[in-house]
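Notes for the one structure printed next.
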Amino acid sequence: MTVREIIEKNPESLIGRAFSLVKNLEPKNNRIPIAEILHRWQLDEATVGASFVIQPFKKGSLSLDSIKKQLGEDIAFLAEGAAKLGKVEYRVSDARAQDLRKLILALSQDLRVVFLKLAEELFKMRTIGALPPGEQKKIALETQNIYAPLALRLGMQNLSGELKDIAFPYLYPKEYESLKEVVKDEYRTRENYLKEIKPLFETELAKNNLKPKVIDFRAKRYSSLYEKLKRYEMDIEKIYDLVAMRIIMETIPECYAVLGIVHHVWPPIPGRIKDYIAMPKLNSYRSLHTTVVGPKEKHLESQVKTAKMHEENENGLAGHW
């Protein structure tokens with residue numbers, strides 16, 4: 001159920017009441033997209049409800065006492081915490097970015113306040129095209145140096161990647177255009193190759209009584225691809241994970257069984273096997289990665305994880321809340 005549906009079907013819920021309160025005060029204030037982001041991250045009603053009242057509280061059209069009285073102490077606490085973060089001065093430089101990220105975490109007695117800030121920044125980035133060019137670059141730089149790394153630190157891989165990807169063309173427009181041309185044909189070729197491989201791989205899994213929940217394809221993000229290409233003298237042929245096959249299984253033993261089958265069918269490339277299940281990354285990312293020499297002597301990267309790991313890798317600490 002979406003936030004809009006919750007508001008329509010259950011207006012007396014905490015989310016519905018928060019929306020109604022703000023709508024009466026500021027009819028043009030549309031914070032539903034931010035609330036939807038928080039709802040997709042599976043955060044609680046108080047956090048989603050708080051996203052509606054932050055702006056009116058900052059402007060002074062809604063007092064803290066009024067929020068406490070009508071929506072409760074929890075939403076008031078979150079709104080006050082988010083307003084404090086909004087007062088932090090962001091003069092972004094490489095030297096200060098790490099300190100600012102620490103300051104954000106230090107100011108937030110409750111991590112839900114950080115999630116509120118990250119949802120707001122994601123919405124800001126998704127609508128950045130409507131802003132003047134000077135403002136676009138300032139916000140993109142702030143996002144790249146502060147919010148994307150902060151999201152990664154909280155284990156929110158998908159959010160961090162999306163923020164970096166949106167910021168990339170505003171910070172490096174020439175490099176972005178050049179990269180699009182380099183990748184366009186190569187990406188299509190590799191994706192078609194993986195689509196040919198998929199039924200062969202499903203057959204091998206079925207022979208071993210393994211049934212994946214999902215097999216799909218993940219394209220490498222432009223921002224991370226550019227960083228990697230710089231290390232390989234911009235040679236796209238040296239990037240094995242431009243497109244990777246992602247296999248989602250039910251259990252951890254099944255993940256290791258799938259890895260064994262991949263290596264039984266196709267020879268693995270030495271040094272390209274990474275067990276992030278036994279040894280997760282510092283941000284708690286878990287998955288099995290391997291690159292093999294597939295049919296037609298082409299490199300094929302596979303990522304194997306459980307559905308629970310996939311959800312945790314997408315939403316990080318927000319998913320644990």
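Just so it is clear, the values below take in all heavy atoms, side chains as well, and ignore hydrogens, waters and symmetry mates.
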What pair of heavy atoms forms the shortest contact from [X] to [Y], and how long is it?
{"X": "Ala119", "Y": "Ile34", "result": "CB-CG2, 3.9 Å"}
{"X": "Gln136", "Y": "Gly129", "result": "NE2-O, 3.4 Å"}
{"X": "Thr306", "Y": "Thr251", "result": "CG2-C, 3.5 Å"}
{"X": "Leu288", "Y": "Cys255", "result": "CD1-O, 3.5 Å"}
{"X": "Leu163", "Y": "Met125", "result": "CD2-CG, 3.9 Å"}
{"X": "Ile273", "Y": "Pro268", "result": "CD1-CB, 3.9 Å"}

Looking at [atom1] of [X] and [atom2] of [Y], how far apart are the two atoms once the value is rounded to the nearest 0.5 Å?
{"X": "Lys164", "Y": "Asn145", "atom1": "NZ", "atom2": "CG", "result": "10.5 Å"}
{"X": "Lys198", "Y": "Ile247", "atom1": "NZ", "atom2": "CD1", "result": "10.5 Å"}
{"X": "Trp266", "Y": "Leu200", "atom1": "CH2", "atom2": "CG", "result": "6.5 Å"}
{"X": "Phe115", "Y": "Leu118", "atom1": "CZ", "atom2": "CG", "result": "7.5 Å"}
{"X": "Phe52", "Y": "Leu21", "atom1": "CZ", "atom2": "CG", "result": "11.0 Å"}
{"X": "Leu78", "Y": "Asp44", "atom1": "CG", "atom2": "CG", "result": "7.5 Å"}

Would you mind reporting whether [Y] and [X] have side-chain heavy atoms less than 4.5 Å apart?
{"X": "Lys213", "Y": "Met249", "result": "no"}
{"X": "Thr189", "Y": "Lys298", "result": "yes"}
{"X": "Leu111", "Y": "Leu154", "result": "yes"}
{"X": "Trp41", "Y": "Leu122", "result": "yes"}
{"X": "Asp74", "Y": "Arg112", "result": "yes"}
{"X": "Pro295", "Y": "Ile197", "result": "yes"}
{"X": "Phe168", "Y": "Gln144", "result": "no"}
{"X": "Ile54", "Y": "Leu116", "result": "yes"}

Test your reading of the model: is there a side-chain donor-acceptor pair from [X] to the backbone of [Y], 3.5 Å cut-off?
{"X": "Arg31", "Y": "Ser51", "answer": "yes"}
{"X": "Glu36", "Y": "Val3", "answer": "yes"}
{"X": "Arg4", "Y": "Ile32", "answer": "no"}
{"X": "Thr127", "Y": "Phe123", "answer": "yes"}
{"X": "Thr291", "Y": "Leu300", "answer": "no"}
{"X": "Ser160", "Y": "Ala148", "answer": "yes"}
{"X": "Ser61", "Y": "Pro56", "answer": "yes"}
{"X": "Asn208", "Y": "Leu210", "answer": "no"}
{"X": "Glu135", "Y": "Pro132", "answer": "no"}
{"X": "Asn10", "Y": "Gly16", "answer": "no"}

Count the heavy atoms of every other residue, nucleotide or ligand shown that sit under 6.0 Å from [atom1] of [X], and state whether that count exceeds 12.
{"X": "Lys58", "atom1": "NZ", "answer": "yes"}
{"X": "Lys211", "atom1": "NZ", "answer": "no"}
{"X": "Lys137", "atom1": "NZ", "answer": "no"}

- Task: Under the side chain to side chain contact (heavy atoms under 4.5 Å, CB included) rule, what do Ile6 and Phe19 come out as? Steps first, then yes or no, please.
- Result: CA-CA 10 Å; Ile6 291 170; Phe19 173 77; over 6 Å; no

Note: [X]-[Y] ion pair, threshold 4.0 Å (strictly below):
{"X": "Lys305", "Y": "Glu311", "result": "no"}
{"X": "Glu142", "Y": "Lys138", "result": "yes"}
{"X": "Arg231", "Y": "Glu227", "result": "no"}
{"X": "Glu196", "Y": "Lys296", "result": "yes"}
{"X": "Glu121", "Y": "Lys117", "result": "yes"}

- Item | Stepwise side chain to side chain contact (heavy atoms under 4.5 Å, CB included) check, Lys174 with Ser178 | CA-CA 6 Å; Lys174 291 180 182 177; Ser178 173; over 6 Å; no

[X], [Y]: one ILVMFWY side-chain cluster at the under-4.5 Å cut-off?
{"X": "Tyr285", "Y": "Tyr256", "value": "no"}
{"X": "Leu141", "Y": "Leu152", "value": "no"}
{"X": "Tyr193", "Y": "Phe201", "value": "yes"}
{"X": "Val258", "Y": "Val292", "value": "yes"}
{"X": "Met1", "Y": "Val48", "value": "yes"}

- Item | Thr290 and its side-chain hydrogen bond (donor to acceptor under 3.5 Å, both in side chains) partner, picked from Arg272, Gln303, His263, Glu301 | His263

- Query: Given Glu162, which of Arg126, Gln157, Arg221 fulfils the side-chain hydrogen bond (donor to acceptor under 3.5 Å, both in side chains) condition?
  - Reply: Arg126

- Message: If you apply the rule side chain to side chain contact (heavy atoms under 4.5 Å, CB included), what do you find for Met309 with Ile252, and how did you get there?
- Response: CA-CA 10 Å; Met309 288 174 194; Ile252 291 176; 3.5 Å; yes

- Pair Leu259-Asp275, side chain to side chain contact (heavy atoms under 4.5 Å, CB included): steps then yes or no: CA-CA 10 Å; Leu259 183 68; Asp275 188 344; over 6 Å; no

- Run the salt bridge (charged side-chain N to carboxylate O under 4.0 Å, His left out) check on Lys124 and Glu120 step by step: do they pass? CA-CA 6 Å; Lys124 191 188 295 183; Glu120 192 170 299; 5.4 Å; no

- Query: Does the ring center of Tyr172 lie less than 6.0 Å from the ring center of Tyr176?
  - Reply: no

